[in-house]
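Encoded as structure tokens, the structure appears first; notes follow it.
Along the sequence shown, residues carry numbers from 1. Predicted, not measured: the structure shown is a model, and the values here were computed from it.
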Amino acid sequence: MKAIPQTSSLDSTLALLHEGYAFISNRCDELGTDIFQSRLMLRPVVCMRGEAAARLFYGADGVTRVGAMPWTVLRLLQDKDSVQQLDGEAHRRRKAMFIDIAMDNAAVAALLERFRQHWLVHFERRKEDCDLREAANLILTKASADWIGIPPSRRDDVKLARRLALMIDRTGRPGPAAWLALVSRRRLERWLVTIVTALRDGSLEVAEGCALRRISLDYRDADGQPMSEEEAAVELLNLLRPIAAISRWVAFVGLALARNPQWRKRFGQGQDDDIEGFVEEVRRLYPFFPFVGARLARSQDWLGYSLPEGSWLLLDLYGTTHDPRLFPSPTNFSPERGLTWRDLDFRFIPQGGGRPESSHRCPGEKITVEILKETVKLLCGILPLRITPVNADVPLGTIPASPVPAIRVGPDRAGARSSA
């Protein structure tokens with residue numbers, strides 16, 4: 001067996017915080033390999049990138065997500081007892097519920113309609129520019145809460161959007177920033193527990209088939225037991241938060257349209273044939289998830305390397321989608337690549353690889369792509385907006401990343417279809 005290359009530093013935590021999305025690929029390039037061993041927070045870790053590594057993470061047996069993330073990241077993004085923290089039959093059973101909720105054509109169409117309507121209401125009479133990501137976060141919060149089935153009378157959309165954004169923004173920031181976001185998550189979970197309880201005791205009625213009802217009332221595990229109120233609240237929040245998080249990609253869609261006015265003109269004229277290729281290239285090029293963690297429940301032999309049981313692994317999602325061996329000229333924005341999440345491969349992995357029904361690949365990928373396609377149509381055609389600035393930067397050292405300065409949109413007073 002080959003020895004796994006190692007970094008020279010005693011601990012790479014500060015380097016990771018400084019380099020962000022580029023950390024794993026920078027080390028792989030320096031060492032001339034797709035795998036290396038280091039330490040993060042004084043814990044040994046094996047970092048990997050590429051198609052073969054993605055196959056291990058999303059296609060191999062004996063790879064678990066349990067114990068694979070720092071506790072603050074776990075609590076903010078998923079929390080304990082969530083579907084991502086399950087394995088085997090328990091994972092497959094609960095994942096099947098989320099696939100039914102998030103990948104059903106009629107359900108996705110219903111979410112899109114709510115998104116479209118809230119977008120039009122938000123922008124139709126707006127006279128001033130606004131931050132696109134902040135606006136999209138509020139719009140997506142309203143749309144997802146409606147779609148899940150949470151009655152408007154039981155929620156404060158502005159406060160809910162702010163708390164969801166806080167959880168997302170603080171994920172990559174250790175210390176007090178993350179602690180404040182954890183407090184916000186706890187408040188949201190307690191609020192959702194009251195809604196689940198009201199539904200179960202009959203004091204709240206919701207529509208048949210909505211996610212709130214399916215998670216709180218209809219779901220049963222292999223023993224015929226429902227989730228506890230706390231577990232149901234966690235999973236409801238794990239629908240709300242990821243849909244709100246699409247607001248970051250909405251901002252990147254705005255940046256891509258501003259930088260590529262020829263595509264904006266094309267979509268504004270109703271030429272939508274390449275719209276999916278456009279948004280998929282946005283998902284490939286711009287940073288969202290930097291990496292994903294896993295633990296080995298048993299030893300693995302991988303490409304001549306011996307990975308012992310219990311190993312902590314990190315897969316470089318961003319680096320894999322920017323690998324020139326997989327995507328020639330990876331820093332170029334090229335919708336002509338014709339990428340699609342439907343290929344279910346292990347190269348184009350902004351939200352994971354493999355099949356969502358049998359692995360930990362995100363079942364919300366279809367929702368993400370459809371929301372972004374609708375965003376392009378809304379920005380270019382139905383209610384064209386002026387997008388600025390064209391020259392925004394995307395710092396890779398900040399996780400999660402966003403354009404700097406923020407992308408702003410406002411009334412296109414000149415009626416132009418190109419960005420300012």
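E235 and R94 are joined by a salt bridge, as a carboxylate oxygen and a charged side-chain nitrogen come within less than 4.0 angstrom of each other. Here D129 pairs with R386 in a salt bridge; the nearest charged N to carboxylate O distance falls below 4.0 Å. Using a cutoff of 4.0 Å between basic side-chain nitrogens and carboxylate oxygens, R49 and D34 are scored as salt-bridged. With respect to D274 and R266, a salt bridge is recorded, a charged nitrogen being found less than 4.0 Å from a carboxylate O. With salt bridges taken as basic N to acidic carboxylate O contacts below 4.0 Å, one links R325 and D323.
Judged by a 6.0 Å distance limit and a 45° cone about the ring axis, R65 is positioned over the six-membered ring of Y58. Figure legend: R214 and Y219 shown without cation-pi pairing, the cationic atom not lying both under 6.0 angstrom from the six-membered ring centre and within 45 degrees of its axis. Cation-pi geometry between R284 and F348 is not satisfied (NZ or CZ under 6.0 Å from the ring centre, within 45° of the ring normal).
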Under the salt bridge (Lys or Arg N to Asp or Glu O under 4.0 Å) criterion, do R155 and D146 qualify, and how do the steps go? CA-CA 10 Å; R155 65 188 207 238; D146 287 348; 2.5 Å; yes
Test log, rule salt bridge (Lys or Arg N to Asp or Glu O under 4.0 Å), inputs R185 and E189: CA-CA 6 Å; R185 171 147 193 149; E189 287 181 355; 2.8 Å; yes
Would D29 and R27 count as a salt bridge (Lys or Arg N to Asp or Glu O under 4.0 Å) here? Give the steps. CA-CA 5 Å; D29 292 343; R27 300 299 174 285; over 6 Å; no
Intermediate values then yes/no, side chain to side chain donor-acceptor pair (under 3.5 Å), T340 and E276: CA-CA 7 Å; T340 175; E276 184 163 313; 3.0 Å; yes
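In terms of modelled atom types and a separation under 3.5 Å, the side chain of R154 and the main chain of I150 share no donor-acceptor contact.
There is a side-chain donor-acceptor pair under 3.5 Å between S402 and R133. S25 and D316 form a side-chain donor-acceptor contact under 3.5 Å, judged by distance and modelled atom types alone. Inspection of the R126 and H122 side chains reveals an N or O donor paired with an N or O acceptor under 3.5 Å. Side-chain contact of E51 with T320: a donor-acceptor pair under 3.5 Å is absent, judged by distance alone. Side-chain atoms of T13 and D11 include a donor-acceptor pair closer than 3.5 Å. Side-chain contact, S12 with S9: a donor N or O sits under 3.5 Å from an acceptor N or O.
The aromatic rings of F333 and F278 sit perpendicular to each other, their planes meeting at more than 60°, with 30° as the lower class boundary.
Rounding to the nearest 0.5 angstrom, the gap separating the CD atom in E19 from the CD1 atom in I399 is 10.5 Å.
Across L212, I367, I148, a single residue satisfies side-chain contact (heavy atoms from CB on, under 4.5 Å) together with L239, and that is I148.
By the neighbour-count criterion of 12 heavy atoms within 6.0 Å, atom CD of E205 is sparsely surrounded, having that number or fewer from other residues, nucleotides or ligands.
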